[in-house]
Amino acid sequence: MNPWQKHVDDIMGKVLFDQQTLQRRVQELGRQITADYQDADCDELVMIGILRGSVPFMADLIRVIDLPVTIDFMAMSSYAHGTRTSGSVRILKDINDAITDKHVLVVEDIIDTGLTLKCLTELLEARKPRSLHICTLLDKPSRRLTEIPVRYRGFEIPDEFVVGYGLDFAGHYRHLPYVGVLKPEAYA
Ligand code: 5GP
């Protein structure tokens, strides 16, 4: 057996969302986003992916949206090498283009405490976009420390640390095509 595959088999607890379930939900979100922004007469939707966790979700989502879309990326830091928030949020990379008067949709992998997105949306609001909404693949509402209006949400999940489909543990597992929970011994 491929050693990587064996490693994944050893450390992966349960799979929460398999590849097919993720793709189906992404398509539903794409249809919903398309319909909503068509209704808003949107001539350009700027989708801002939050690096690095949103990359697989963003890549799949943009391809099921039937609108004029442009993409940009931002990087924030909130987690170090662990499973809990550090509380401090820093901008590591800003978007390249101005968003004044544009329809903006922020694409995130997961909302946990909400501190990262709170900081980020305040910063983007100050640039006076025409509209600003949030789309997250996963949401852990029970962990929220600050209120965040989420317009599009893939799935609500309980307070478990998940990996895969963009989500990492110490930089790894982002490329797994499903979302799963690591066994506790994997953190040791
Ligand atoms: P927040 O500021 O909402 O507490 O944290 C958001 C960020 O924390 C996410 O973008 C993600 O990087 C990280 N995060 C929160 N929960 C999880 C989780 O269950 N698994 C992983 N891999 N990252 C998480």
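Along the sequence shown, residues are numbered consecutively beginning with 1. For ligands, and for the atoms within them, numbers begin at 1 and follow the listed sequence.
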- Message: I'd like to know whether ligand 1 has Phe169 as a neighbour, heavy-atom separation below 4.0 Å.
- Response: no
- State whether the side chain of Asp72 and the backbone N or O of Asn96 hold a donor-acceptor pair below 3.5 Å, judged by distance alone. yes
- Query: Is it true that atom CD of Glu185 has more than 12 heavy atoms of other residues, nucleotides or ligands lying nearer than 6.0 Å?
  - Reply: yes
- Message: Distance under 4.0 Å to a non-hydrogen atom of Thr116: what atoms of ligand 1 satisfy this?
- Response: 1 (P), 2 (O), 5 (O), 6 (C)
- Task: With heavy atoms of Glu160 as the reference, note each atom of ligand 1 found under 4.0 Å away.
- Result: 19 (O)
- Item | Phe161 and Phe169 aromatic ring geometry - parallel, tilted or perpendicular at 30°/60° bounds | perpendicular
- Find all atoms of ligand 1 within a distance of less than 4.0 Å from any non-hydrogen atom belonging to Lys140, and give their numbers and elements. 16 (N), 17 (C), 18 (C), 19 (O)
- Proximal ligand 1 atoms for Asp168, defined as those under 4.0 Å from one of its heavy atoms: 21 (C), 22 (N)
- Task: Would you please determine whether Gly53 falls within less than 4.0 Å of ligand 1 on a heavy-atom basis?
- Result: no
- Note: ligand 1 atoms sitting under 4.0 Å from heavy atoms of Ile110 are 6 (C), 9 (C), 10 (O), 11 (C), 14 (N), 15 (C), 16 (N), 17 (C), 18 (C), 19 (O), 24 (C)
- For ligand 1, the portion of Leu138 having any non-hydrogen atom under 4.0 Å away: neither
- When you measure from the side chain of Lys102 to the backbone N and O of Leu45, does any donor-acceptor pair fall under 3.5 Å? no
- Are Tyr178 and Tyr165 close enough that their ring centers fall under 6.0 Å? no
- What heavy-atom pair brings Thr146 and Lys118 nearest, and what distance separates the two atoms? OG1-CD, 3.3 Å
- Task: Indicate the atoms forming the closest heavy-atom contact of Pro129 with Val104, along with that distance.
- Result: CB-CG2, 3.9 Å
- Below 3.5 angstrom, do we get any N/O pair linking Gly114 and ligand 1? yes
- List every atom of ligand 1 that sits less than 4.0 Å from any heavy atom of Glu108, numbering the atoms from 1 in the order shown and giving each element. 10 (O)
- Test of proximity, Val162 against ligand 1: N or O pairs below 3.5 Å: yes
- Message: Please report whether the ring centroid of Trp4 lies less than 6.0 Å from that of His175.
- Response: yes
